[in-house]
Amino acid sequence: MAHKPQTQKRQSGVRHRDGAVQSPDASIAAVSQGRIGNGALVGGLALLTLLVVFLDVRAGNDLRVVPLLVVVPALASVYCSLRQTIWVAVWITTIVVGFRAGADGTFWDFVFGIGFAVLACALGVAACAARIRHATEMARLRSAAVTLQRQILRPLPVVTDHVFAYGLYEPIEEDRFVGGDIYEVVESPHGTRVIIGDVQGKGLAAIGAGFAAIAAFREAAIREPTLTGVVQALEDAVVRHNEFSVQTGEAERFVTALVLGFDESGRVEAVNCGHLPPRLLHDGRTSAVTLHRTSVPLGLAGLSREARGAESFDFPPDATLLVVTDGVTEARDATGAFYPLDERVAAWAGHGPRELLDALHVDLEEFSGGVRRDDVAALALRRAPAAPR
């Protein structure tokens with residue numbers, strides 16, 4: 001029996017630009033932490049207090065500068081934790097009260113001066129609490145959306161009797177930019193079926209449409225003897241999902257997808273539903289696989305008179321097949337130029353599947369400066385070695 005590499009258990013978290021993975025609980029806890037360290041805060045506050053006191057003493061009774069310190073808690077509420085902001089508010093209140101007590105003026109000057117200082121400091125603390133509460137809610141929403149995506153899509157790599165499937169998946173984290181990139185690898189009695197796709201639009205509704213397509217693929221890949229039958233089941237599932245979406249007030253969506261079939265032969269069967277063509281890396285060369293029968297995306301078959309058809313191409317045993325979503329090809333650099341996928345992949349033609357995806361990930365981050373506008377999904381597929389007889 002052919003040796004299969006062990007799959008790695010993936011953490012359910014968010015991959016940051018530096019490659020580290022942060023769990024949803026950690027990302028939620030991070031929003032309540034201050035962006036200024038305690039040492040830096042104490043040192044900065046002490047210097048500011050000394051400076052203001054010095055200016056107040058030099059100005060004398062003509063201009064009182066110390067009361068201006070009441071704006072400090074408001075500034076702290078933006079950058080500090082709630083505990084730090086409370087500490088700053090107490091410190092400023094103490095300084096202002098001390099100077100007011102030793103200053104000349106009527107009783108009501110003292111009362112109003114102290115009252116204003118306490119009110120300003122209290123508002124700073126309240127603003128900090130409101131900021132942290134809002135940031136925590138947003139972090140929970142982001143974590144829920146990203147975790148939902150990661151639960152829908154199985155961890156990679158996936159190993160079957162026909163292919164080794166390695167993958168790169170980077171969901172975007174901003175609330176309104178949660179996308180719907182999908183992929184799946186299913187081993188069936190008819191061979192191994194693979195799908196990679198991209199749902200139109202973003203947000204939780206896009207994730208719902210992606211889940212409908214994934215669920216239909218997992219069932220049809222095992223049930224349907226032909227790849228076109230699998231695609232027809234996906235079409236029906238997306239259409240049904242759109243009908244339900246209209247009833248609930250959501251917009252209809254389509255799904256671009258590339259569906260591949262692998263068996264014991266040296267060829268790959270493909271049905272392209274408006275998706276990017278795969279890239280084949282073999283013998284130190286890279287080429288885009290030409291698919292002549294590209295059809296409309298899933299959910300739009302009713303707008304086309306042509307039935308979807310399958311076609312096949314060679315897939316040598318030591319070759320790597322790279323399939324990506326448009327989050328890769330439409331990534332932009334600082335000048336607005338698109339990511340030159342074919343040019344970059346040509347330099348990695350001798351890499352293995354895992355090394356290829358690692359190089360793609362690092363280069364894509366450097367090219368875009370870490371600024372992503374869409375999900376990134378890529379699969380690197382290599383034919384499994386034949387089992388010895």
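Side chains included, hydrogens not; waters and symmetry mates left out as well; all remaining heavy atoms used. All figures in this text were calculated on a predicted structure; none of them were measured in a lab.
Taking each heavy atom of A209 and V199 in turn, the nearest pair found is CB-CG1, 3.7 Å. Pairing each heavy atom of A216 with each of A233, the nearest pair is CB-O, 4.2 Å. Taking each heavy atom of L281 and W348 in turn, the nearest pair found is CD2-O, 3.7 Å. Contact detail for T320 and P353: the closest heavy-atom pair is OG1-CG, 4.0 Å. A349 and T286 get closest at one heavy-atom pair: CB-OG1, 3.5 Å. T294 and G274 get closest at one heavy-atom pair: CG2-N, 3.9 Å.
Note on Y339 and V362: separate hydrophobic clusters, where clusters join Ile, Leu, Val, Met, Phe, Trp and Tyr whose side-chain heavy atoms are under 4.5 Å apart, directly or indirectly. Transitive grouping of hydrophobic side chains (ILVMFWY, heavy atoms separated by less than 4.5 Å) brings L356 and F164 into a common cluster. In terms of hydrophobic clustering, with Ile, Leu, Val, Met, Phe, Trp and Tyr side chains grouped at heavy-atom distances under 4.5 Å, L48 and Y79 are assigned to a common cluster. Clustering ILVMFWY residues whenever any of their side-chain heavy atoms sit less than 4.5 angstrom apart, transitively, puts F211 in the very cluster that holds I182. Residues V231 and I222 fall within the same hydrophobic cluster, defined by Ile, Leu, Val, Met, Phe, Trp and Tyr side chains chained together at heavy-atom separations under 4.5 Å.
Between the side chain of Q84 and the main chain of L41, no donor-acceptor pair closer than 3.5 Å is present. With hydrogens and angles disregarded, no donor-acceptor distance shorter than 3.5 Å links the side chain of E184 to the backbone of F217. Remark: side-chain polar atoms of Q200 are not paired, donor with acceptor, to backbone N or O of V255 under 3.5 angstrom. In this structure, Y183 contributes its side chain and V194 its backbone to no donor-acceptor pair below 3.5 Å. One N or O on the side chain of S295 and one on the backbone of N272 form a donor-acceptor pair closer than 3.5 Å. Side-chain atoms of S304 never come within 3.5 Å of backbone atoms of A301 as a donor-acceptor pair (strictly under, hydrogens ignored). Side-chain atoms of R308 come within 3.5 Å of backbone atoms of V296 as a donor-acceptor pair (strictly under, hydrogens ignored). The main-chain N or O of S265 is found under 3.5 Å from a side-chain atom of D263 such that the two form a donor-acceptor pair.
Considering CZ of R382 and CZ of F262, their distance stands at 12.5 Å, rounded to 0.5 Å. For the atom pair CG (L119) and CD1 (I114), the distance works out to 12.5 Å, reported to the nearest 0.5 Å. R279 CZ to L341 CG: the interatomic distance, rounded to the nearest 0.5 Å, is 5.0 Å. Atoms CG and CG, on L50 and L45 in that order, are 9.5 Å from each other to the nearest 0.5 Å. Note: L153 CG to D181 CG = 8.5 Å, rounded to the nearest 0.5 Å. One distance of note links CG of L300 with SG of C273; it measures 10.0 Å at 0.5 Å rounding.
Taking a 6.0 Å sphere around CZ of R267, one finds it holds more than 12 heavy atoms contributed by other residues, nucleotides or ligands. Atom CZ of R223 is surrounded by more than 12 heavy atoms from other residues, nucleotides or ligands within 6.0 Å.
Classification of R193 and E224 as a salt-bridged pair fails, no side-chain N sitting under 4.0 Å from a carboxylate O.
The shortest distance between side-chain heavy atoms of I195 and H275 does not fall below 4.5 Å. Using a 4.5 Å cut-off on side-chain heavy atoms (C-beta onward), D314 and L280 make no contact. By the 4.5 Å heavy-atom criterion applied to side chains, L360 and V376 are not counted as neighbours. Using a 4.5 Å cut-off on side-chain heavy atoms (C-beta onward), D326 and T256 make no contact. R253 places none of its side-chain heavy atoms less than 4.5 Å from the side chain of H241. F313 places a side-chain heavy atom less than 4.5 Å from the side chain of L291. Looking only at side-chain heavy atoms (C-beta outward), L156 and L379 come within less than 4.5 Å of each other. Taking 4.5 Å as the limit, some side-chain heavy atom of V238 sits within range of a side-chain heavy atom of N242.
For D333, the side chain to side chain contact (heavy atoms under 4.5 Å, CB included) partners at least two apart in sequence or on another chain are T335, A337, F367.
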Inset, instruction - Evaluate side-chain contact (heavy atoms from CB on, under 4.5 Å) for L357 paired with L322, printing each intermediate quantity in order. - result: CA-CA 9 Å; L357 292 177; L322 176 67; 4.0 Å; yes
Inset, instruction - List the steps and the verdict of side-chain contact (heavy atoms from CB on, under 4.5 Å) for R332 and F338. - result: CA-CA 5 Å; R332 296 174 182 263; F338 288 111; 2.9 Å; yes
Inset, instruction - Report the C-alpha separation of L258 and L276 in whole Å, then their side-chain angles, then the decisive distance to 0.1 Å, and conclude whether the side-chain contact (heavy atoms from CB on, under 4.5 Å) test is met. - result: CA-CA 8 Å; L258 177 65; L276 299 169; over 6 Å; no
Legend entry - L381 and L260: CA distance, side-chain angles, deciding distance, side-chain contact (heavy atoms from CB on, under 4.5 Å) verdict: CA-CA 11 Å; L381 309 169; L260 305 173; 3.9 Å; yes
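In this model, a donor atom of one side chain and an acceptor atom of the other lie less than 3.5 Å apart for H282 and D318. Counting only N and O atoms by type, the side chains of D198 and T325 include no donor and acceptor under 3.5 Å apart.
Ring geometry, W91 versus W87: the interplanar angle falls under 30°, so the pair is classed parallel (tilted spans 30 to 60°).
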